[in-house]
S.K.: 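If you scroll down you'll find the structure; I have some questions about it.
Keep in mind it's a predicted model, so treat the numbers as computed, not measured. Each chain gets a letter, A, B and so on, in the order the sequences are listed, and its residues count up from 1.
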Amino acid sequence: MTVRVRFAPSPTGYLHIGGARTALYNYLYSKAIGGTFVLRIEDTDLERSKAEYEKLQIEDLQWLGIIHDEGPDKPGKFGPYRQSERLEIYAKYAQELIDKDLAYYDFSTEAELEAMKAKVTEEGGDPRYDGKWKDPKFNAEAKARIAAGEKAAIRFRAPEKDYTLNDIVKGKVVYPKDMVGDFVIVRSTGLPVYNYCCVVDDMLMEITHVIRGEDHLSNTVRQLMIYEALGAKVPEFAHVSLLIGADRQKLSKRHGATSVNLYRNENYLPEAMCNYLCLLGWSHPTEKDIFDKSELKDVFSLERFSTSPAMYDLEKLKWVNGQHIKKMDNAHLITLIAALPETTFFNKQTPEWKNAAVELLKNGHAHFISDFTRLINDMILKENLEMTDALKDILSWDTTPKIIEYISSQVNAMTTEFMTEVQMNGWMEHVKKEMGVKGKPLFMGVRATLTGQDHGPDLKFLIPLTPLSVIKKRVSQLKA
RNA sequence: GGUCCCAUCGUCUAGCCCGGUCUAGGACAUCGCCUUUUCACGGCGGUAACAGGGGUUCGAAUCCCCUUGGGACUACCA
């Protein structure tokens, strides 16, 4: 039996971080076990679903490298893969359920339902359907009214018995009888509802493993009932714990940057995103924390999910992204940087310059691709100095004016575009030997003179990357 | 309210299923030291957790129960 998994987003917005994680787990599992990964679009909520979001979500999944084998854009033999295009199928099975008296028509109006709910709640019961149409004696009347063209919702007759789920991550979950009342599977508009289409589709698409968020755990009982009514085989379920924000509540828009799109726009590395997301609720058997999806083929399993929710933490994502930058080869890095905005200076430089700059900055300085341009602008191209307290402090040392005087004359005598590492070292030697300055006053004095800052990468590598014209302007400002 | 789920350092987690090797390991963050004739990078080290209470057992982070706390669900949303 081939394993078939699916990711079934609703196109009601951008791809969410939590959705991306779920999709990733499905993808990884399908790859690890040699199965098929299906993308299904759950767009039965016509009001909120938008075709453009479907497109954007697929783009984001692709960006992350979470590639599906079947989906609306990759037809397979289980299509269509968009629920809005499967309406006849749902209608057919709904009719079957009605014929078997496992479901019934409900003509209640919204106001009636509202009143009933209020009444039941007041009496201390659960707000569940307990109305007139539940009684089988109205079946005939209902059929007649439907035949006459009247609209009605279709409600599923919830069996009054316990259900048990053996969830791969949660273990045995028992749903006591009376947990849910009869629920709607088809709206009066004729559109089917999530808990119902989900089951019909998973059955027809021969899904073997449902890996999804824990927020679906309570709903699963409804789905178990429908599987049973349909006489379908129940797939394996793996309910992964939720992603939460700093307030320990389910991660949502109000927690800030929660759509994948934002990270994509900010040039986060997709492999780093996947790496980090994967670790939120799953652990590598050897506790390895930096890896690519391809390395997971042999080790990814459903047994290593943790059961408690995981907090989404930007700090660690930043670190993971930095680690991926560090291990990425320079050529690739250069391509990524070249695609960034405001890189005219960078793109004009020689291959040697680019390589040296990337090599210098990728180790420890850059956590994000955008850091490269930021660092280049701040450390290499910035002409106008900011008189920070740290800089003022260094300028107040009595050795500093001598250093500025010396370097100023050296710099102004030069006519090349860049200076070399050898020249840089020569100046250091001179200041140290001839002027008798060493240690902190030496390094900080020279750094401040040349860069106007009190920190940064190794001078002997940084300065040969800085245009001499920029250095001249900085030095003249200090001299003045 | 009801039902279900969850509970190890601030955070992500290993260990839990198959009790002893756990004076609880790793990672992020944080702090300190070393190195770098400077800051950073790097290296080394520190602070920091089994929610509480009962049981079972010679022995419990690991098994059971209760309490507390948190979360999810409870729609003609998904």
S.K.: When you look at NZ of A:K172, are more than 12 heavy atoms from neighbouring residues, nucleotides or ligands closer to it than 6.0 Å?
M.R.: no
S.K.: Calculate the interatomic distance between A:R212 atom CZ and B:C73 atom P; express it in whole Å.
M.R.: 13 Å
S.K.: Could you check whether A:P176 gets within reach of a base, just the sugar-phosphate, or nothing at all, counting any heavy atom under 4.0 Å?
M.R.: sugar-phosphate
S.K.: Distance check, C1' atoms only: B:G15 and B:G20, in whole angstrom units.
M.R.: 14 Å
S.K.: Considering only side-chain heavy atoms of A:E42, which listed nucleotide, B:A78, B:A27, B:A75, is closest?
M.R.: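 Given the options B:A78, B:A27, B:A75, the side chain of A:E42 is closest to B:A78.
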S.K.: Between A:Y81 and A:E70, is any side-chain donor less than 3.5 angstrom from a side-chain acceptor?
M.R.: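 Side-chain D/A pair, A:Y81 to A:E70: present.
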S.K.: Find the partner of B:A48: check Watson-Crick (N1-N3 plus N6-O4 or O6-N4) and G-U wobble (N1-O2, O6-N3) distances, both under 3.5 Å, and reply none if neither fits.
M.R.: none
S.K.: Please determine whether a side-chain nitrogen or oxygen atom of A:T307 lies at a distance below 4.0 Å from atom OP1 or OP2 of B:A7.
M.R.: yes
S.K.: Look at the side chain of A:S218 and decide which nucleotide, out of B:A72, B:A7, B:A78, has an atom nearest to it.
M.R.: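 Ranking B:A72, B:A7, B:A78 by closest atom to the A:S218 side chain puts B:A72 first.
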S.K.: For the pair made of CD1 in A:I244 and C1' in B:G10, what is the distance, rounded to whole Å?
M.R.: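 It is 13 Å, rounded to the nearest whole Å.
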S.K.: Round to the nearest Å and state the distance from A:L450 atom CG to B:C39 atom P.
M.R.: 18 Å
S.K.: What about A:S188, does its side chain sit under 3.5 Å from the base of B:C76 through a donor-acceptor pair?
M.R.: yes
S.K.: Side chain of A:P309 only, heavy atoms from C-beta on: which candidate in B:C6, B:A78, B:A75 is closest?
M.R.: B:C6
S.K.: Considering only B:A27, B:U37, B:C73, which nucleotide approaches the side chain of A:N219 most closely?
M.R.: B:C73
S.K.: Under a 4.0 Å N-O cut-off, is there an ion pair linking A:K318 with A:D313?
M.R.: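 Result for this pair is no, no salt bridge flagged.
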S.K.: Using a heavy-atom cut-off of under 4.0 Å over every strand shown, decide if A:L191 touches base, sugar-phosphate, or nothing.
M.R.: nothing
S.K.: Between B:U8 and B:G69, how many Å separate the two C1' atoms, rounded to a whole number?
M.R.: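 To the nearest whole Å, 16 Å.
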S.K.: Taking 4.0 Å as the cut-off, does a side-chain nitrogen or oxygen of A:K460 come that near to OP1 or OP2 on B:U38?
M.R.: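 Looking at the OP1 and OP2 atoms of B:U38, neither is under 4.0 Å from any side-chain N or O of A:K460.
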S.K.: Examine B:G10: is either OP1 or OP2 under 4.0 Å from a nitrogen or oxygen in the side chain of A:R248? Give yes or no.
M.R.: no
S.K.: For A:Y25 and A:V240, which heavy atoms make the closest approach, and how far apart are they?
M.R.: CE1-CG1, 3.8 Å
S.K.: Figure out the CZ/P separation between A:F305 and B:C6, and round it to whole Å.
M.R.: 15 Å
S.K.: Give a yes/no on whether any side-chain N or O of A:R222 is located under 4.0 angstrom from OP1 or OP2 of B:C77.
M.R.: no
S.K.: Starting at atom CG of A:L243, determine the distance to atom C1' of B:G71, rounded to an integer number of angstrom.
M.R.: 13 Å
S.K.: What nucleotide among B:C12, B:A7, B:A29 has an atom nearest to a side-chain atom of A:W319?
M.R.: B:A29
S.K.: Does any N or O donor sit under 3.5 Å from an N or O acceptor when you compare the side chain of A:D215 with the base of B:A78?
M.R.: no
S.K.: Do the side-chain N or O atoms of A:S283 get closer than 4.0 angstrom to the phosphate oxygens (OP1, OP2) of B:U13?
M.R.: no
S.K.: Is any N or O donor-acceptor pair between the side chain of A:K316 and the base of B:A27 shorter than 3.5 Å?
M.R.: yes
S.K.: Would you say the base of B:G25 and the side-chain of A:E287 have a donor-acceptor pair closer than 3.5 Å?
M.R.: yes
S.K.: For A:H367 and A:N321, which I'm curious about, is there any donor-acceptor pair between the side chains at under 3.5 Å?
M.R.: no
S.K.: Without decimals, in angstroms, what is the distance between A:L459 CG and B:C39 C1'?
M.R.: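 Distance check: A:L459 CG to B:C39 C1' gives 9 Å.
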S.K.: What's A:S241 touching, base or sugar-phosphate or nothing? Going by heavy atoms closer than 4.0 Å.
M.R.: nothing
S.K.: How far, in whole Å, is B:A60 from B:C22 if one measures between their C1' atoms?
M.R.: 11 Å
S.K.: Report the distance from atom OH of A:Y163 to atom C1' of B:C4, rounded to the nearest whole Å.
M.R.: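 To the nearest whole Å, that distance equals 17 Å.
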S.K.: Have a look at A:L442 and say if it touches a base, only the backbone sugar-phosphate, or nothing, with a 4.0 Å heavy-atom cut-off.
M.R.: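 Contact class for A:L442: base.
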S.K.: Are more than 12 heavy atoms, taken from residues, nucleotides or ligands other than A:K143, located less than 6.0 Å from that residue's NZ atom?
M.R.: yes
S.K.: Where the side chain of A:S306 is concerned, which of B:A72, B:C5, B:U13 is the nearest nucleotide?
M.R.: B:U13
